[in-house]
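Ligands are counted one by one from 1 in listed order, and the atoms in each one are counted from 1 as well. Numbering of residues begins at 1 and proceeds along the displayed sequence.
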Amino acid sequence: MQPVRVLVTRRWPEAVERALGERFDVVLNEADRPLTEADLSAAMGTFDVIAPTVSDRLPAAIFAPGNRCRLIANYGVGYDHIDIAAAKAAGIAVTNTPGVLTDATADLALTLMLMAARRAGEGERELRGGQWTGWRPTHLIGSALKGKVLGVVGFGRIGQATAARAHHGFGMTIAYFARSPRPEAAALGAHFCADLDSLLAMSDFVSLHVPGGGETANLIDAAAIATMKPGSYLINTARGQVVDHDALAQALRSGHLAGAGLDVYPHEPQVPAALLDLENVVLLPHLGSATEETRVAMGNRALANIEAFAKGADLPDRVA
Ligand code: NAP
């Protein structure tokens, strides 16, 4: 039997690249440059498995009939960069890496909340720019988290982990918007909102945790932002396409929103220009899962799916 040929589209932590290389015929992207759609199309014809990341685009055109590739083993939990319907139609399985990045991403949502509320980015820029004139009672006054309402949009793994940190660690009251009430909410005393507008109107902080894709595109549009409580904060570690960034920039400029914290953008690595000059938005470069422990665990999870595929077994994290 021919060895299973695997293309890994970006560098993974060395330990998992090595483990993959010991089991399969693996091609690594030594230069770590992003692959083009043409590169990926060509690879579909010569590899059994492609292991992409969120920085790759796999539209319907990639899934032409008659290709060798039978598995897309995504390195990451979100898969809105892959046309799932087209993969399914072409009989190509898709897997992801759920669960192992929940804690790291929830930690980053809290990082953004604290940075935005306590004006940490502004303070650091001021200090490094030599503008700091010393302690004074009115300097860079922010907002406390304790006693405030955190509205969680999408109450899955990361949404719940963020809510647990905010509630148990910072004394926040939790409300959430989901398509149906979740039993896990009881342990946090979390209030279910059946409609997004009521959640937005009651929350001091809103944190987004829905998947990307057509259903959630522009979920937080100009009308939704107008519904948010004056002086509140928006945190996004989900996907950039969920937010209308022009409307967000306008609300940050007018002071309707006190601040925002973003980890994701609609056309990464571009960052909407309207945000770059604003002091009251924290901008991080998609760091949600970026811990050594998590990135190794993500690689191991992708590896487990590729191993199951090679054995003809059920795929543990199949999404299509
Ligand atoms: P998850 O457990 O599947 O949670 C997503 C939740 O969103 C589910 O509870 C789902 O509810 C809900 N949902 C889906 N569509 C919705 C809609 N239209 N309205 C309201 N709720 C909706 O996924 P997760 O592991 O928490 O990950 C969430 C997302 O975070 C990922 O898809 C990814 O895009 C993003 N992420 C970002 C980073 C980063 O580096 N910044 C890292 C990891 C993940 P149902 O049960 O009703 O479907």
Side-chain angles (χ1 to χ4, degrees), residues 10 52-58 74-82 84 94-113 115 151-166 174-185 188 190 192-200 203 206-221 224 234-243 260-266 268-269 271 282-295 297-299 301-302 316-320:
R10 302 304 296 263
T53 73
V54 64
S55 66
D56 298 304
R57 291 276 151 260
L58 285 82
N74 188 54
Y75 180 95
V77 66
Y79 47 83
D80 51 296
H81 53 291
I82 303 168
I84 293 290
V94 181
T95 58
N96 68 346
T97 62
V100 292
L101 35 57
T102 298
D103 286 331
T105 310
D107 287 350
L108 200 86
L110 263 300
T111 303
L112 286 170
M113 276 172 66
M115 285 185 74
V152 178
V153 178
F155 205 61
R157 287 171 294 250
I158 300 170
Q160 288 173 33
T162 300
R165 283 159 171 71
I174 308 300
Y176 70 103
F177 166 69
R179 292 184 284 197
S180 51
R182 299 288 300 237
E184 301 91 338
L188 298 171
F192 171 62
C193 291
D195 72 289
L196 180 59
D197 281 356
S198 34
L199 181 93
L200 298 177
S203 299
V206 171
S207 191
L208 307 178
H209 300 286
V210 288
E215 251 190 70
T216 58
N218 265 337
L219 186 69
I220 307 299
D221 60 7
L234 180 69
I235 307 300
N236 189 12
T237 56
R239 282 292 179 263
Q241 293 82 355
V242 178
V243 175
L262 309 178
D263 188 41
V264 286
Y265 309 91
E268 296 176 8
V271 178
V282 179
L283 302 168
L284 294 184
H286 206 147
L287 295 179
S289 64
T291 67
E292 176 69 18
E293 295 84 349
T294 300
R295 292 283 166 85
M298 289 165 69
R301 196 75 183 234
D317 302 307
R318 187 169 190 155
V319 295

Whether [X] side chain and [Y] backbone form a donor-acceptor pair below 3.5 Å:
| X | Y | answer |
| --- | --- | --- |
| Thr105 | Ile158 | no |
| Arg182 | Glu184 | no |
| Gln241 | Pro266 | yes |
| Glu268 | Tyr265 | yes |
| Asn74 | Gly78 | yes |

Does any N or O atom in [X] lie less than 3.5 angstrom from one in ligand 1, N or O only?
| X | result |
| --- | --- |
| Thr102 | no |
| Ile158 | yes |
| His286 | yes |
| Ala178 | no |

Residue and atom name of the nearest protein heavy atom (relative to [atom]), distance in Å to one decimal:
| atom | value |
| --- | --- |
| atom 29 (C) of ligand 1 | Val210 O, 3.9 Å |
| atom 5 (C) of ligand 1 | His209 O, 3.6 Å |
| atom 31 (C) of ligand 1 | Val77 CG1, 3.9 Å |

Within ligand 1, which atoms have a heavy atom of [X] less than 4.0 Å away?
| X | value |
| --- | --- |
| Pro211 | 5 (C), 7 (O), 13 (N), 14 (C), 15 (N), 32 (O) |
| Thr237 | 35 (C), 36 (N), 37 (C), 38 (C), 39 (C), 41 (N) |
| Thr216 | 18 (N) |
| Glu215 | 18 (N) |
| Phe177 | 19 (N), 20 (C) |
| Ser289 | 40 (O) |

Close side-chain approach of Val242 and Asn218, heavy atoms under 4.5 Å: no

Side chains of His209 and Val153: closer than 4.5 Å at any heavy-atom pair? no

Tell me the nearest of Glu184, Arg239, Arg179, His81 to atom 33 (C) of ligand 1, using heavy-atom distances. Arg239

Heavy-atom proximity to atom 9 (O) of ligand 1, best of Ala104, Gly156, Ala109, Gly154: Gly156

Using 30° and 60° as the class boundaries, would you call the ring planes of Tyr176 and Phe155 parallel, tilted or perpendicular? parallel

What's the shortest heavy-atom distance between Ala320 and Ile84, and which atoms? CB-CG2, 3.6 Å

In sequence, state the C-alpha distance, the side-chain angles, and the governing distance for Arg57 and Asp80, and then conclude on salt bridge (charged side-chain N to carboxylate O under 4.0 Å, His left out). CA-CA 9 Å; Arg57 291 276 151 260; Asp80 51 296; 5.8 Å; no

I'd like to know if the side chain of Arg295 pairs up with that of Ser289 as donor and acceptor (distance under 3.5 Å, no hydrogens or angles considered). yes

Relative to ligand 1, is [X] under 4.0 angstrom through side chain, backbone, both or neither, heavy atoms considered?
| X | answer |
| --- | --- |
| Thr105 | side chain |
| Arg157 | both |
| Arg182 | side chain |
| Phe155 | backbone |
| Ala238 | backbone |

